[in-house]
Amino acid sequence: MTRAWISPLLLVLCGSLVATGLIRGGSPGTAVALLLLFVLFAAANSPLIFPRSIGAKEAQRRSAVDGRPIVFWRPGCPYCLRLRIRLGRRARQVHWVDIWRDPAGAAEVRAVNDGNETVPTVFMAGRPHVNPDPARVREQLDASV
């Protein structure tokens, strides 16, 4: 199991424990609602909400061909989630690199962030931008099409 799934699994486990306590206390409706909330929060913090990740080398190759941005991200990052949600359907047009799954991607992020794995780091036209405004990423997507 990778560390990307630890946080979502802990959220589901905690939600299950809380729901069990509420059911035993006679509040099954509240238990179901709370468990659903925990599951939704776990899904938002999992890799499932993001488009499929590729390796840093492949992302760089593809970006050189089509000019689309490369987003280096990691599961559980609220800023990455914000970028993903604000891009909407256009997020599938961006090249996503999960730095927890790709050591080369993590090294690339550390190289431009003074040794820190600060995400999202977005490469647009070969230049790194740390936690850029999603509108700026959309503008780059418009320019690349």
S.K.: Between Asp98 (side chain) and Ser53 (backbone), is there a donor-acceptor pair under 3.5 Å?
M.R.: no
S.K.: Is there side-chain contact between Trp96 and Phe72, with heavy atoms separated by less than 4.5 Å?
M.R.: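 No, every pair of side-chain atoms sits at 4.5 Å or beyond.
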S.K.: Do you know the tightest heavy-atom contact between Val97 and Ala59?
M.R.: CG2-CB, 3.6 Å
S.K.: How about Pro69 and Phe123: do any of their side-chain heavy atoms sit closer than 4.5 Å?
M.R.: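 Side-chain contact under 4.5 Å: no.
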S.K.: Does the side chain of Ile70 reach to within under 4.5 Å of the side chain of Gln60, using non-hydrogen atoms?
M.R.: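 Of all side-chain heavy-atom pairs linking Gln60 with Ile70, at least one is under 4.5 Å.
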S.K.: Looking only at heavy atoms, what is the nearest atom pair of Arg62 and His95, with distance?
M.R.: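 Closest heavy-atom pair between Arg62 and His95: CB-CE1, 3.5 Å.
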S.K.: Any chance you could lay out the side chain to side chain contact (heavy atoms under 4.5 Å, CB included) test for Thr118 and Asn131, step after step, and finish with the verdict?
M.R.: CA-CA 8 Å; Thr118 307; Asn131 197 15; over 6 Å; no
S.K.: Are Val94 and Pro51 side-chain neighbours, meaning at least one heavy-atom pair lies under 4.5 Å?
M.R.: no
S.K.: Rounded to the nearest 0.5 Å, what's the gap from CG on Leu83 to CG on Asp133? Could you check?
M.R.: 9.5 Å
S.K.: Drop me the distance from Arg61's CZ to Ile54's CD1, to the nearest 0.5 angstrom.
M.R.: 8.5 Å
S.K.: Find the distance between OG1 (Thr30) and CG (Leu37) and round it off to the nearest 0.5 Å.
M.R.: 12.0 Å
S.K.: Mind checking whether Leu34 and Val39 sit in one hydrophobic cluster, side chains of I, L, V, M, F, W, Y counted as touching below 4.5 Å?
M.R.: no
S.K.: Hydrophobic cluster membership, with links at side-chain heavy-atom distances under 4.5 Å among I/L/V/M/F/W/Y: are Val112 and Trp100 in one?
M.R.: yes
S.K.: Which pairs, with at least one residue in residues 69-87 and sequence neighbours excluded, count as a salt bridge (charged side-chain N to carboxylate O under 4.0 Å, His left out)?
M.R.: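 Output for this query is empty, none listed.
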S.K.: How long is the gap from CG on Leu13 to CD1 on Ile6, to the nearest 0.5 Å?
M.R.: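 Between Leu13 CG and Ile6 CD1, I get 13.0 Å after rounding to 0.5 Å.
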S.K.: I need the minimum non-hydrogen distance between Gly15 and Leu35, along with the two atoms involved.
M.R.: C-CD1, 3.6 Å
S.K.: Please answer whether the main-chain N or O of Ile23 pairs with a side-chain N or O of Ser27 as donor and acceptor at a distance below 3.5 Å.
M.R.: no
S.K.: If I take atom CG from residue Leu141 and atom CZ from residue Arg68, how far apart are they, to the nearest 0.5 angstrom?
M.R.: 7.0 Å
S.K.: Answer whether the closest heavy-atom distance between the side chains of Val71 and His129 falls below 4.5 Å.
M.R.: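 Side-chain contact under 4.5 Å: no.
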S.K.: Within the 3.5 Å criterion, strictly below it, is a donor on Trp73 or Thr121 matched to an acceptor on the partner's side chain?
M.R.: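 No - no donor-acceptor pair under 3.5 Å links their side chains.
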S.K.: Start with the C-alpha distance between Asp66 and Gln93, add both sets of side-chain angles, then the distance that settles side chain to side chain contact (heavy atoms under 4.5 Å, CB included), and finish with yes or no.
M.R.: CA-CA 10 Å; Asp66 60 23; Gln93 297 173 347; over 6 Å; no
S.K.: Closest heavy-atom contact between Leu87 and Pro134?
M.R.: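 Smallest heavy-atom distance, with atoms named: CD2-O, 3.9 Å.
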S.K.: What's the shortest heavy-atom distance between Cys77 and Pro120, and which atoms?
M.R.: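 Minimum heavy-atom contact is SG-CD, 4.3 Å.
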S.K.: With rounding to the nearest 0.5 Å, note down the distance linking CZ in Arg92 to CZ in Arg52.
M.R.: 11.5 Å
S.K.: Restricting to non-hydrogen atoms, name the atom on Pro132 and the atom on Val137 that form the minimum distance, rounded to 0.1 Å.
M.R.: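 Smallest heavy-atom distance, with atoms named: CG-CG2, 3.9 Å.
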S.K.: Kindly say whether Ser16 contributes a backbone atom to a donor-acceptor pair with the side chain of Thr20 at under 3.5 angstrom?
M.R.: yes
S.K.: With a 4.5 Å cut-off on side-chain heavy-atom distances among I, L, V, M, F, W and Y, is there a chain of contacts connecting Leu81 to Phe41?
M.R.: no
